[in-house]
Number of protein chains: 2
Amino acid sequence: MARNSTADRAIDVLLLFESVGPVLGAPEVSERLRMSRSTTYRYLQSLRSYDLLEEAEDGRGFRLGPRVLRLAKAVRQGLGVPEVALPIMRELMLETDETVLLTRRSGANVVCVERVSSQHPIRLSYERGHIVPVHAGASAKVLLAYADPSEVDELLKNPLPRLTKHSVTEPAKLRRQLEQIRREGFAVSHGEADANVTGIAAPIRDGADRVVAALSIAGVDFRIVDEAIPRLTACVVRAAQQISDRLADGHE
Amino acid sequence: MARNSTADRAIDVLLLFESVGPVLGAPEVSERLRMSRSTTYRYLQSLRSYDLLEEAEDGRGFRLGPRVLRLAKAVRQGLGVPEVALPIMRELMLETDETVLLTRRSGANVVCVERVSSQHPIRLSYERGHIVPVHAGASAKVLLAYADPSEVDELLKNPLPRLTKHSVTEPAKLRRQLEQIRREGFAVSHGEADANVTGIAAPIRDGADRVVAALSIAGVDFRIVDEAIPRLTACVVRAAQQISDRLADGHE
DNA sequence: CGCATTGTCCCATTTTATGAGACTGCGGGG
DNA sequence: CCCCGCAGTCTCATAAAATGGGACAATGCG
């Protein structure tokens, strides 16, 4: 792929603050990216002049700046899904009394794009930007089930990390589950991504029938008991279908 | 300032999606940044390969990608303030029954970094990333009041946009207000940033006594009546002081 | 069916990034 | 109190990269 290595390094610097740690000193950045000090400082200055980075109070090191928050707000305006989905997500939350999540894929991870928290005193409260590996949890598996097969192959080449004792780490087993999800149109996870959390997810499709996001509910496992799952699943699937329908209406 | 123009342009491309519009086609980017098509595409590819941008469904144009959300989540971990502030903000929300905001400055704007929404049916619901010009509204004026005087001079050189009929646009008047805020230790705004919204804000200081953020409550003006303001102000000031105290404890 | 627009690729040219090193200022330790 | 080491800034010759013109394919629209 044709790329732009200087631009790439600038992004590398920025993303270092997400992957490595929230506060990084210039020397550390310099070392990790194998760049000379002069070079590192120039990158940091550039990012700082845009408020994407800011200096920490004591002058030691940098951290992500307020501009990133502004950018993040703009994400939602670009993505058509959340606007359409939010009212339906709120209904689903009231119907099920559980936290409702809208997720999308980002490489080997799944990101929470929108959420409506349950009002229950005991509730899960994921936030926008929360990520989870693509093989664990109901949302993740739904998104993987409808992903491009070649991408799935690519992802399954690397060993799958075990997040909890219920995480599926065997590629063959995961593939069987994905097939089942495609057949049934939803996924259920018992503590795969987070211990003691049960999730139920269904795909959201755009006007061209491509799966663009997943809708899910998540709750502590002693609240989402087995007997309740059929009803909850039906709710999630129906809500996801409603969102899909509106996307099809709006974009055609 | 020593900068890195290639990196800068990469950031320009990215930020274009915040400032100009949520979905931009390559030709438009090319035109706005005065770059050739080849160059533009290379930048877009770079950003896309990091998931900071993604292609819109129909293949026409790009929009901000999910990676931005992940980044935004990391902002809060870097910034020490929100963790400390959140529990106190929740208390303040319950005490006042109004939406509570934590804001910081970003250049000529003020950004909402954290918020706790009121549970009232009629409530304001700003979100993280919401921005407002630095001269309008209670939070903004608090942050400006304690900003570096030279920066204030710089900002007041440009004409101040009028957001509502109550916005302060006269530099001299604004300066008097800032002085008053420094004397009293809080700010009140009646519909300056948004019509029919009243806000009350107080500064948050770090261990070295620098103002690093503002705490505020905001509500529709028929709820925050004049008689209630003294009580609410006291609550806000006290909460801000509590946060400041904890910052001083933790970071020293 | 063709014209206009978008997206990709290649390559000589020019621009720019790069890192070594010199210099400063600060803070901690001897 | 002074010295040493580290963080940050600046300059400059060199090396490397970005750049944009243009050729080409694919797509879509009239």
Side-chain angles (χ1 to χ4, degrees), chain A residues 1-17 20-63 65 78 148 206-208 210 251-252, chain B residues 1-17 20-65 78 206-208 210 251-252:
Chain A
M1 180 186 316
R3 296 203 315 181
N4 181 324
S5 64
T6 302
D8 284 358
R9 264 199 287 278
I11 302 171
D12 284 335
V13 172
L14 184 64
L15 294 184
L16 217 53
F17 288 81
V20 175
V23 179
L24 296 177
E28 186 167 2
V29 174
S30 170
E31 195 189 348
R32 288 197 179 258
L33 264 44
R34 310 267 165 92
M35 302 189 303
S36 70
R37 279 176 307 165
S38 328
T39 305
T40 304
Y41 278 108
R42 248 175 304 114
Y43 280 113
L44 291 172
Q45 297 284 14
S46 272
L47 291 165
R48 190 174 61 90
S49 74
Y50 283 95
D51 266 356
L52 290 174
L53 291 181
E54 62 179 11
E55 292 181 77
E57 283 75 23
D58 48 11
R60 299 185 184 205
F62 294 80
R63 63 175 166 226
D148 195 62
D206 68 2
R210 282 168 302 213
H251 288 279
E252 296 293 285
Chain B
M1 179 188 314
R3 296 203 314 181
N4 181 324
S5 63
T6 301
D8 284 358
R9 264 199 287 277
I11 302 171
D12 284 334
V13 172
L14 184 64
L15 295 184
L16 217 53
F17 288 82
V20 175
V23 179
L24 295 177
E28 186 167 2
V29 174
S30 171
E31 195 189 349
R32 288 197 180 259
L33 265 45
R34 310 267 164 91
M35 302 189 304
S36 70
R37 279 178 307 165
S38 329
T39 305
T40 304
Y41 279 108
R42 247 175 306 116
Y43 280 114
L44 291 172
Q45 297 284 14
S46 272
L47 291 165
R48 192 176 60 91
S49 74
Y50 283 95
D51 266 356
L52 289 174
L53 291 182
E54 63 180 10
E55 292 182 76
E57 282 76 23
D58 48 10
R60 299 186 181 206
F62 293 79
R63 62 175 166 225
L64 293 170
D206 68 2
R210 283 168 300 213
H251 288 279
E252 296 293 286

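Source: prediction; values computed, not measured. Naming: A, B, ... by sequence-line order, numbering from 1 per chain.
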- Message: Taking 4.0 Å as the cut-off, does a side-chain nitrogen or oxygen of A/Y41 come that near to OP1 or OP2 on D/dG8?
- Response: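 For A/Y41, the contact criterion (side-chain N or O under 4.0 Å from OP1 or OP2 of D/dG8) is met.
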- Do B/F17 and B/L24 have side chains that get closer than 4.5 Å, going by heavy atoms?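 Heavy-atom side-chain distance check passes, below 4.5 Å.
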- Query: Got a donor-acceptor contact below 3.5 angstrom from the A/S30 side chain to the A/M35 backbone?
  - Reply: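 The answer is yes, because a donor-acceptor pair under 3.5 Å joins these two groups.
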- How many Å lie between CD on A/E28 and C1' on D/dG8, as a whole number?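 The distance from CD of A/E28 to C1' of D/dG8 comes to 17 Å, rounded to the nearest Å.
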- Task: Verify, without hydrogens or angle tests, whether B/T40 (side chain) and B/S36 (backbone) share a donor-acceptor contact under 3.5 angstrom.
- Result: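 The answer is yes, because a donor-acceptor pair under 3.5 Å joins these two groups.
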- Between B/R48 and B/Q45, a side-chain donor and acceptor under 3.5 Å: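 Yes, a side-chain donor-acceptor pair sits under 3.5 Å.
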- Task: Answer yes or no: is there an ion pair linking A/R63 with A/E54, defined by an N-O contact shorter than 4.0 Å?
- Result: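 Here A/R63 pairs with A/E54 in a salt bridge, since their nearest N and O are under 4.0 Å apart.
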- For A/L33 and C/dG19, what is the distance between atoms CG and P respectively, to the nearest whole Å?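 Result: 11 Å.
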- Message: How many whole angstroms separate atom CZ of B/R34 from atom P of C/dT15?
- Response: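 After rounding, the reported distance stands at 19 Å.
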- Task: Report yes if some heavy atom in the side chain of B/L16 is under 4.5 Å from a heavy atom in the side chain of B/E28; otherwise report no.
- Result: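 SC-SC contact between B/L16 and B/E28 ruled out.
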What's touching nucleotides 12-18 of chain D from the protein side, N or O pairs under 3.5 Å?
from, atom 1, to, atom 2, distance (Å)
D/dA17, O3', A/S5, OG, 2.9
D/dA18, OP1, A/N4, OD1, 2.5
D/dA18, OP1, A/S5, N, 2.6
D/dA18, OP1, A/S5, OG, 3.3
D/dA18, OP1, A/T6, N, 2.9

- Query: C/dG19 C1' sits how many Å from A/E31 CD, rounded?
  - Reply: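 From A/E31 CD to C/dG19 C1': 17 Å.
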- Item | Check: B/Y50 side chain, A/D8 main-chain N or O, donor-acceptor pair, under 3.5 Å |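 Confirmed, B/Y50 side chain pairs with A/D8 backbone.
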- Query: Would one find a side-chain N or O of A/Q45 under 4.0 angstrom from OP1 or OP2 of D/dT9?
  - Reply: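 Affirmative; the distance criterion is met.
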Considering only nitrogen or oxygen atoms on both sides, find all protein atoms under 3.5 Å from nucleotides 3-5 of chain D and state each distance.
none

- Query: Considering residues at least two apart in sequence or located in another chain, which fulfil the salt bridge (charged side-chain N to carboxylate O under 4.0 Å, His left out) criterion with B/R9?
  - Reply: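 B/R9: no salt bridge (charged side-chain N to carboxylate O under 4.0 Å, His left out) contacts found.
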- Message: Distance check needed: C/dT24 P versus A/R37 CZ, whole Å only.
- Response: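 These atoms are roughly 15 Å apart.
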